[in-house]
Amino acid sequence: MATIIAPPTPVMDNNVVVKFDHVNKYFGALHVLNDVNLEVKKNETLVIIGPSGSGKSTLLRSINHLENINSGHIYVNGRMIGYYEKNGRLYEESEKNISRLRASIGMVFQRFNLFPHLTALENIMEAPLNVLKVPRETAKADAVRLLQRVGLADKSDNYPSQLSGGQQQRIAIARALAMKPSLMLFDEPTSALDPEMIGEVLDVMKELALGLEMTMVVVSHEMGFARAAADRIIFVDDGRIIEENTPEEIYDHPREARTKEFLSKILH
Amino acid sequence: MYHFDWVLFWKYLWPVTAFQNPLIRNGLIVTLVVSVIAQAMGVILGLLAALAKMSKIAPLRWLQQAYVWFFRGTPLLVQMALLYYGLGVTHIFDFPDWHIGAVTITGAIQAGVLALGINEGAYMAEIVRAGIEAIDVGQMEAAKSLGMTFGTAMRRIILPQAAKVIIPPLGNEFNNMMKTTTLMTIISAGELFYGFEQVNALLFKPFELYLDASIYYLAMTTVWSFIQSKIEASLGEHKAMANQPGLFRRLLGVH
């Protein structure tokens, strides 16, 4: 008699950092995520493009459970995000466990969301001190190093309100990196910036994507960045992944009519 | 024509002579101490109620609603009498006097503090909630995405920012609190106004004595307004508070 051992969670490739398995989400009658299946490999930079309201931000935000999902599974580094399974049913994870998983996932927001009551340095030290319980000296040394890395060593004592949008976003990237994440999520990181500041933020992101060991999922329409740093692009519309390919293929030879139509709008 | 008794007026206005009467001296101390403790209670209860209102747990929200509904929907004077006489007569709590060294905290003072604090919490709940909701939702999202739990995010990120929104109305609440303590006269708790009432019962000079009482309260609220504007000025270091009315305008109530 053959013994069948069912694995508790699907066997996953060690190289897969993010996995979406038949994920669905509704906002009332609106089907925001429609049977999304997706894998992001280790050290890969995935760029998500799509019209506004297409579900691309929701897709990104569900990776660290800032958005809940109605069905399907999302795994990060092999662990299910936001839910645990018991007797075939899904239950929302305890806040503590969700927080622990989020601590290993960096996130950068469109509107920076720096903490306005803390200086640049304190913004970066805050989570290592209060979440990882790193000693103050270590946290400070790390923060100083990160500020140098994003080119803002001289701004350590400035409050966010004293910094330009581009500088704030670079601090926000440093703040996320201070948690030493293996995965970074970027939610339209340059859309709220004045045109002359976009370059400085993209430079930091490019360096991150190309240089270190980092898996990145980026919602952005910056073609220059995507061509230079992305391994793969997915085009999302109506909550579905419509097309998936390398930047060269997507931009130069889009296959789907909706992709063509969308690109013709954003590329003028 | 009424003969205004200047000697009596000055006697009960000038602290050195007025404080020779222990009813006035102790009354002033009781008023100040009760105000501070009741306001502190109000802030703590208000914070708990505000968090309960935002909670995912339904019974907590119902409890908060019932609390605010009752304490904002009934007069404080009635709440105070209900608490002191009601709990006393049913022997749920007899409010025994507490002796701490040479100081005696009477049951009436305990009941007064309790009623003022619980009542204040129902009002502070709205102020704290408004303060928390004034903070951009992106702040909580950023804190969560860094791995902070709700509690850590509240303590480290949200409440320090909300405090700037909460402190100006909190100062106004404290100003009201110092005046509202006079309601404790109904349960003979021995605060400042009760002292003047007792003196008046003896001398029957209501015009002079209640004028003195008014000046005492005016002095307290005026001193507090100065302290309040200093506190608010220090809060405004990183953020311009240009829309806050100045001290003069606030004292005179002009806009």
Side-chain angles (χ1 to χ4, degrees), chain A residues 57 60-61 63-67 82 92 94-119 122-133 158-162 168 171-172 174-181 183-187 192, chain B residues 47-48 50-61 128 130-170 231-244:
Chain A
S57 271
L60 185 83
R61 288 160 56 86
I63 298 175
N64 67 354
H65 199 61
L66 283 182
E67 300 280 351
E92 190 153 22
S94 73
E95 198 209 345
K96 211 175 168 184
N97 284 339
I98 295 171
S99 300
R100 200 169 296 158
L101 274 170
R102 281 187 184 132
S104 61
I105 306 171
M107 181 142 186
V108 174
F109 299 86
Q110 184 180 353
R111 307 234 22 118
F112 331 132
N113 297 349
L114 287 181
F115 306 132
H117 59 304
L118 303 177
T119 63
E122 288 166 344
N123 261 278
I124 300 170
M125 291 165 65
E126 185 65 21
L129 282 179
N130 292 290
V131 177
L132 301 179
K133 313 285 181 196
N158 286 80
Y159 285 89
S161 60
Q162 299 165 323
Q168 287 190 56
I171 304 280
R175 177 178 70 175
L177 290 177
M179 295 295 284
K180 302 189 166 58
L183 168 66
M184 284 280 285
L185 310 175
F186 293 82
D187 190 4
Chain B
L47 177 62
L48 292 177
L51 293 175
K53 188 170 188 174
M54 296 185 295
S55 169
K56 275 189 271 186
I57 304 158
L60 274 181
R61 292 199 304 272
V128 174
I132 291 171
E133 283 183 0
I135 308 306
D136 186 71
V137 288
Q139 292 290 307
M140 184 51 102
E141 287 193 345
K144 280 183 174 173
S145 76
L146 287 164
M148 290 187 209
T149 57
F150 179 82
T152 308
M154 267 290 158
R155 190 170 51 80
R156 298 286 316 171
I157 305 301
I158 308 297
L159 290 177
Q161 294 181 61
K164 287 184 184 178
V165 186
I166 294 167
I167 281 173
L170 169 62
I231 295 171
E232 285 171 25
S234 73
L235 280 179
E237 267 171 32
H238 308 304
K239 198 176 171 185
M241 293 176 97
N243 50 357
Q244 278 295 315

Atom of B:A142, atom of A:F115 and distance for their closest heavy-atom approach:
CB-CE2, 4.0 Å

Partners of A:E122 by side-chain contact (heavy atoms from CB on, under 4.5 Å), sequence neighbours excluded?
A:L118, A:T119

Under 4.5 Å, heavy atom to heavy atom, which residues of residues 143-150 of chain B contact chain A?
B:A143, B:K144, B:S145, B:L146, B:G147, B:M148, B:T149, B:F150

Can you name the residues that form a side-chain contact (heavy atoms from CB on, under 4.5 Å) with A:D187, not counting sequence neighbours?
A:S57, A:L60, A:R61, A:M107, A:V219

Kindly write out the residues that satisfy side-chain contact (heavy atoms from CB on, under 4.5 Å) with A:S94, not counting sequence neighbours, or none if the list is empty.
A:K96, A:N97

Contact leader toward chain B among A:A127, A:P128, A:G106, A:A178, where contacts are heavy-atom pairs under 4.5 Å:
A:A127

With distance as the sole test, does A:N113 use its side chain to make a donor-acceptor pair with the main-chain N or O of B:Q139 at under 3.5 Å?
no

Whatever's closer than 4.5 Å to a heavy atom in chain B on A:I105 counts as backbone

Is it the side chain or the backbone of A:L114 that comes within 4.5 Å of chain B heavy atoms, both, or neither?
backbone

Quick one: does any side-chain atom of A:H117 pair with a main-chain N or O of B:I158 as donor and acceptor, under 3.5 Å?
no

Choice from A:E126, A:M179, A:R111, A:R100 maximising heavy atom contacts with chain B below 4.5 Å:
A:E126

Tell me the closest heavy-atom pair linking B:G151 and A:E95, and the distance in Å.
N-OE2, 4.4 Å

For chain B, the option from A:I98, A:L185, A:N130 that forms the most heavy-atom pairs under 4.5 Å:
A:N130

